[in-house]
Amino acid sequence: MRPWCRSRLVLGLVLAVSSATASARAQPRHGQQSGDRTLNAWIARAEVLVERGRRARAARLLGRAIGRAPEDPRAPLRLAALWLPDRPPAAAEPDGATRERAREIAEALGRVRVPSEDTRAAREVRLTRAWAIAVAGDHRDAIERVALAAGRLDAASTDALRSLAALAVLRHDLGAADEALEAARRIDPVDVTLLSDHAAVRLARGRAEDAVALLADAARRNPEDEAVLRDLGGALLAAGRAAEAVDVFASLAARSPESSRPALALARAALEAGQAERAERAARAALALAPADPEPALVLGAALRSLGRSDAAVEAFREALRRDPNDTRAREALRHSE
């Protein structure tokens, strides 16, 4: 996987924590209140126990509350907040006990009955149950449950699907991540971050042309987003469209003439497109802007070697080694050039 793609997957998905799943971890905020005084007392006591750090006792008390009133959402939602990992990284490798708890919580939430007019509570139950199902291991069932009940531009469902996609990526289930992001895009087709995240997953699955199409759409919607343009250039390279990538990176280099990164990306793309002279110019620009970085010198050496200027290429590789004496790529390039 190319570095740009891995970065997007990790930063764009794993760190994009869902506000919907986060709210499901908190104490339920809807106003449902049972007339069962014993039930209410148990739930209140469980809250006190949680505050005192006595989680196991609180969980047992909530379990009793679920058994007494399985249709009441408060106890299973509070149990979910107590036991379910609340972020994709924490849920990536649950132990057997956590998976079993997640299954039990999903079953308990399946027995809950919420008044039809309490849409907020119904959504909280639905999203929390989907997260429990995903933590237990069934990503696709969770995705389907969120997607089927989502409305147009439903931000909570979109966030939940992004968290499910992040969890699937961490568990190496790129197919499920793809499905989650596609479902999220049906809810909100104009969200640039969703387009970019979906492109990263498609590229990781070897579907570079799909990634190009998604990122081109994102760039049209937000032409000032330099991260999207960088990703588009990387996707074009992965799709074998290096000449088009050169144009994208040239635009970025023109926008940020004081930064070495776009100049270096332009040099690499030009080299891949067979434009060695342009690669040389861009690499020299990056070399001047990043005096401690060996990478521009390595790319410059490769460009000079493509132009048949062997002595100049050797000097460039020596410069890379001066900048980083431990750079094995520079040593290998020198070995093949001298």
Note to self: Any salt bridge linking Arg322 with Glu315? Criterion: basic side-chain nitrogen under 4.0 Å from a carboxylate oxygen.
What the structure shows: yes

Next item on the list: Verify the neighbour count for atom CD of Glu277: are there more than 12 heavy atoms of other residues, nucleotides or ligands below 6.0 Å?
Entry: no

Check: For Asp191, what residues pass the side chain to side chain contact (heavy atoms under 4.5 Å, CB included) criterion, not counting sequence neighbours?
Finding: Asp188, Thr193, Leu194

Notebook entry, point to check: Salt bridge or not for Arg323 and Glu319, using N-O below 4.0 Å?
Noted result: yes

Check: Who pairs with Arg255 by side chain to side chain contact (heavy atoms under 4.5 Å, CB included), at least two apart in sequence or on another chain?
Finding: Glu224, Glu226, Leu229, Ser251

Next item on the list: Assess Arg55 against Trp83: is NZ or CZ under 6.0 Å from the centre of the six-membered ring, and within 45 degrees of the ring's axis?
Entry: yes

Checklist line | Partner set under side chain to side chain contact (heavy atoms under 4.5 Å, CB included) for Asp173, not counting sequence neighbours | finding: His139, Arg140, Ala168, Ala176

Margin query: I'd like to know if Leu215 and Phe249 are part of one continuous hydrophobic network [Ile/Leu/Val/Met/Phe/Trp/Tyr, side-chain heavy atoms within less than 4.5 Å].
Written below: yes

Sequence neighbours left out, cut at 3.5 Å: what donor-acceptor pairs do the side chains of residues 289-297 make with other protein atoms?
unit_1 : atom_1 : unit_2 : atom_2 : d
Asp293 : OD1    : Glu295 : N      : 3.0
Glu295 : OE1    : Arg329 : NH1    : 2.8
Glu295 : OE1    : Arg329 : NH2    : 3.0
Glu295 : OE2    : Arg268 : NH2    : 3.0
Glu295 : OE2    : Arg329 : NH1    : 3.3

Next item on the list: Identify whether the distance between the nearest side-chain nitrogen and carboxylate oxygen of Arg309 and Glu280 falls below 4.0 Å.
Entry: yes

Check: Would you say the side chain of Leu62 lies within less than 4.5 Å of the side chain of Trp42, judging by non-hydrogen atoms?
Finding: no

Note to self: Could you tell me if the side chain of Leu49 sits less than 4.5 Å from the side chain of Arg45, heavy atoms only?
What the structure shows: yes

Notebook entry, point to check: Under the salt bridge (charged side-chain N to carboxylate O under 4.0 Å, His left out) test, which residues partner Arg305, sequence neighbours left out?
Noted result: none

Notebook entry, point to check: Is there any side-chain hydrogen bond (donor to acceptor under 3.5 Å, both in side chains) pair reaching into residues 142-154, and which pairs are they, with sequence neighbours excluded?
Noted result: Asp141-Arg145, Asp154-Ser157

Next item on the list: May I ask you to check whether Arg331 and Asn326 show a side-chain donor-acceptor distance below 3.5 Å?
Entry: no

Note to self: Taking the side chain as everything from C-beta on, heavy atoms only, tell me whether Leu109 gets closer than 4.5 Å to Pro73.
What the structure shows: no

Check: What do you reckon, is CZ of Arg261 surrounded by more than 12 foreign heavy atoms closer than 6.0 Å?
Finding: no

Next item on the list: Sort out for me which residue in Glu179, Glu209, Glu182 forms a salt bridge (charged side-chain N to carboxylate O under 4.0 Å, His left out) with Arg202.
Entry: Glu182

Check: In terms of heavy-atom contacts, does CG of Asp311 have more than 12 from other residues, nucleotides or ligands at under 6.0 Å?
Finding: no

Check: Is there a donor-acceptor pair closer than 3.5 Å between any side-chain N or O of Arg221 and the backbone N or O of Val192?
Finding: no

Note to self: With a sphere of 6.0 Å drawn around NE2 of His172, does it hold more than 12 non-hydrogen atoms of other residues, nucleotides or ligands?
What the structure shows: no

Checklist line | Glu117, CD atom: more than 12 neighbouring heavy atoms under 6.0 Å | finding: yes

Check: Are side-chain heavy atoms of Pro76 and Ile105 found at a separation under 4.5 Å?
Finding: no

